[in-house]
Protein chains: 2
Amino acid sequence: MMKHEPDEPLLALADPTRRAILRLVWDEELPAGDIAAHFPVTRPAISRHLRVLRDANLVEEHRVGTKRLYRARPERIEELRSYLENYWEAGLGEIKRLAEREAMRKRNEDG
Amino acid sequence: MMKHEPDEPLLALADPTRRAILRLVWDEELPAGDIAAHFPVTRPAISRHLRVLRDANLVEEHRVGTKRLYRARPERIEELRSYLENYWEAGLGEIKRLAEREAMRKRNEDG
DNA sequence: TTGTTACGTAACCGCAAGGTTACAAAGTTT
DNA sequence: AAACTTTGTAACCTTGCGGTTACGTAACAA
């Protein structure tokens, strides 16, 4: 299928703070404030990171009272994962093919 | 082990042009000019992309005459790959553990 | 209704990313 | 030596990112 280039999620993950945030909300829902408390930067900064993660569909939010709870979206993450899996494999496949060709050449030489 | 956060390579791969370049030189060495010819931007722009890839250790260069040949570094790419593998699994592991706990709870209910 | 809690948003700043054009450098060719 | 090829680098511009402070807003509590 090959989808299109997943720039948004990749860019989102390129920031270490966002990778850390994503881990935090991977297995449990957390309110924005609790998340921010884990980091040395101000709350608004984290708020924007959360926005980026949300825009990249790596995270979803729902409100409860005055709080906003965030949690990871494993399906979307899996999508990115398999894109990358594909990306590596496409390249490594080439290399494997070359190696095989090389092996065949050698077999012919030795034979 | 866990290495440190591989910001450089991740940031390098976050750009679609650089992902394309990396694919180009994955299975064959190519001179900078040939690489640039594949893209709509100017040659200096590509030159800088190549620099970024090289700084991230995803690509290596060697000179031959006036040309500079570039090729991918599969070992380093594999390093990044396994970091990500680890990253996903750390998260998904949590989920699996939750699922098991849940299953156990249900078993106890039903029992 | 007034205050308090838990947020996002706006405006601003410093800085780096990615693009361009112009130029320098190093190796070949004649 | 002179000219041409192939490439990186410098200087510059615009745009976007991540950070801050100040402010707006929605829900709850008194």
Side-chain angles (χ1 to χ4, degrees), chain A residues 4-25 28-73 80, chain B residues 4-26 28-73 80 87:
Chain A
H4 307 93
E5 299 284 311
D7 287 348
E8 266 193 322
L10 264 180
L11 216 44
L13 280 199
D15 181 284
T17 301
R18 283 192 294 260
R19 284 201 299 281
I21 291 178
L22 188 57
R23 268 210 252 254
L24 276 179
V25 298
E28 57 175 345
E29 248 176 6
L30 284 180
D34 287 24
I35 296 174
H38 285 78
F39 301 92
V41 299
T42 56
R43 195 186 47 69
I46 297 298
S47 184
R48 291 193 46 196
H49 280 306
L50 285 168
R51 188 93 157 88
V52 171
L53 286 169
R54 211 168 70 84
D55 287 349
N57 284 317
L58 295 175
V59 142
E60 65 186 345
E61 165 237 2
H62 80 277
R63 315 183 181 190
V64 135
T66 99
K67 303 195 171 184
R68 308 217 182 171
L69 303 176
Y70 289 87
R71 76 173 143 220
R73 299 189 53 180
L80 174 59
Chain B
H4 308 90
E5 298 286 310
D7 287 347
E8 266 195 323
L10 264 179
L11 214 43
L13 280 199
D15 181 283
T17 301
R18 283 193 294 260
R19 282 201 301 280
I21 291 179
L22 189 56
R23 268 210 252 252
L24 276 179
V25 299
W26 206 304
E28 59 175 345
E29 248 177 5
L30 284 180
D34 286 25
I35 296 173
H38 286 77
F39 301 92
V41 299
T42 57
R43 197 186 46 70
I46 299 297
S47 183
R48 290 191 51 196
H49 279 306
L50 285 169
R51 187 97 157 87
V52 172
L53 286 169
R54 212 169 66 85
D55 287 350
N57 284 316
L58 295 175
V59 142
E60 65 187 344
E61 164 236 4
H62 79 277
R63 315 184 182 188
V64 135
T66 101
K67 305 194 169 181
R68 306 215 182 173
L69 303 177
Y70 290 86
R71 77 173 144 222
R73 299 188 55 179
L80 174 60
Y87 181 79

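Here is the naming used below: chain letters follow the sequence lines, and residue numbers restart at 1 for every chain. Atoms considered below: every heavy atom in the structure, side chains included; atoms not considered: hydrogens, waters and symmetry mates. Fair warning: this is a prediction, and the values are worked out from it, not measured in the lab.
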* A:His49 side chain near D:dC17 phosphate (N/O to OP1/OP2, under 4.0 Å) -> no
* Which part of the nucleic acid, if any, lies within contact of A:Phe39, taking any heavy atom under 4.0 Å across all strands shown: a base, the sugar-phosphate backbone alone, or nothing? -> nothing
* Asked: Among C:dT20, D:dT20, D:dG18, which nucleotide sits nearest the side chain of B:Thr42?
  -> C:dT20
* Just checking B:Pro44: base, sugar-phosphate only, or nothing, at a heavy-atom cut-off of under 4.0 Å? -> base
* Checking side chain to side chain contact (heavy atoms under 4.5 Å, CB included) for the pair A:Glu61/A:Val59: CA distance, chi angles, key distance, verdict? -> CA-CA 7 Å; A:Glu61 165 237 2; A:Val59 142; 5.6 Å; no
* **Protein-nucleotide distance (A:Arg68, atom CZ; C:dT5, atom P), rounded to Å** => 18 Å
* Asked: So does A:Arg48 reach the base of C:dG8 with its side chain, donor to acceptor, closer than 3.5 Å?
  -> no
* Structure fact -> To the nearest 0.5 Å, atom CG of B:Leu80 lies from atom CG of B:Asn57 at 11.5 Å
* **Value in whole Å for how far the C1' atom of D:dT7 lies from CG of B:Leu69** => 12 Å
* Just how far, in rounded Å, is P of C:dG8 from NZ of A:Lys67? -> 13 Å
* Asked: Where each residue is assigned the nucleotide of DNA chain D containing its nearest heavy atom, which of A:Thr66 and A:Pro40 is assigned the position nearer the 5′ end?
  -> A:Pro40
* **Atom pair NE2 (A:His38) and CG (A:Leu24), whose distance is rounded to the nearest 0.5 Å** => 5.0 Å
* For B:Ala32, answer base if it contacts any base atom (sugar-phosphate contacts may also be present), sugar-phosphate if it contacts only those atoms, and nothing otherwise; contact means non-hydrogen atoms under 4.0 Å. => sugar-phosphate
* Asked: Expressed in angstrom and rounded to an integer, what is the separation of A:Arg51 atom CZ from C:dC7 atom P?
  -> 16 Å
* **Check ion pair A:Asp7-B:Arg19 (N to O, under 4.0 angstrom)** => yes
* Just how far, in rounded Å, is P of C:dG18 from CG of B:Asp55? -> 12 Å
* **d(CG, A:Asp15; C1', C:dA17) in whole Å** => 15 Å
* Nearest-Å distance for atom pair CZ/P, residues A:Arg54 and C:dG8 -> 9 Å
* A:Tyr70 side chain near C:dG8 phosphate (N/O to OP1/OP2, under 4.0 Å) -> yes
* To do: Of all the heavy-atom pairs spanning A:Arg18 and A:Leu11, show the shortest one and how long it is.
  => NH2-O, 3.4 Å
* Do A:Arg43 and C:dG8 share a donor-acceptor pair, side chain to base, under 3.5 Å? -> yes
* Asked: Looking at the side chain of B:Thr17, which of D:dG19, D:dT7, C:dG19 is the nearest nucleotide?
  -> C:dG19
* **Under-4.0 Å side-chain N/O to phosphate OP1/OP2 contact, A:Ser47 with C:dC7** => no
* Asked: Rounded to whole angstroms, how far apart are CD1 on B:Ile46 and C1' on C:dG19?
  -> 11 Å
* To do: Would you classify B:Arg63 as touching base, sugar-phosphate or nothing, given that sugar-phosphate means primed atoms plus P, OP1 and OP2, and contacts are heavy atoms under 4.0 Å?
  => nothing
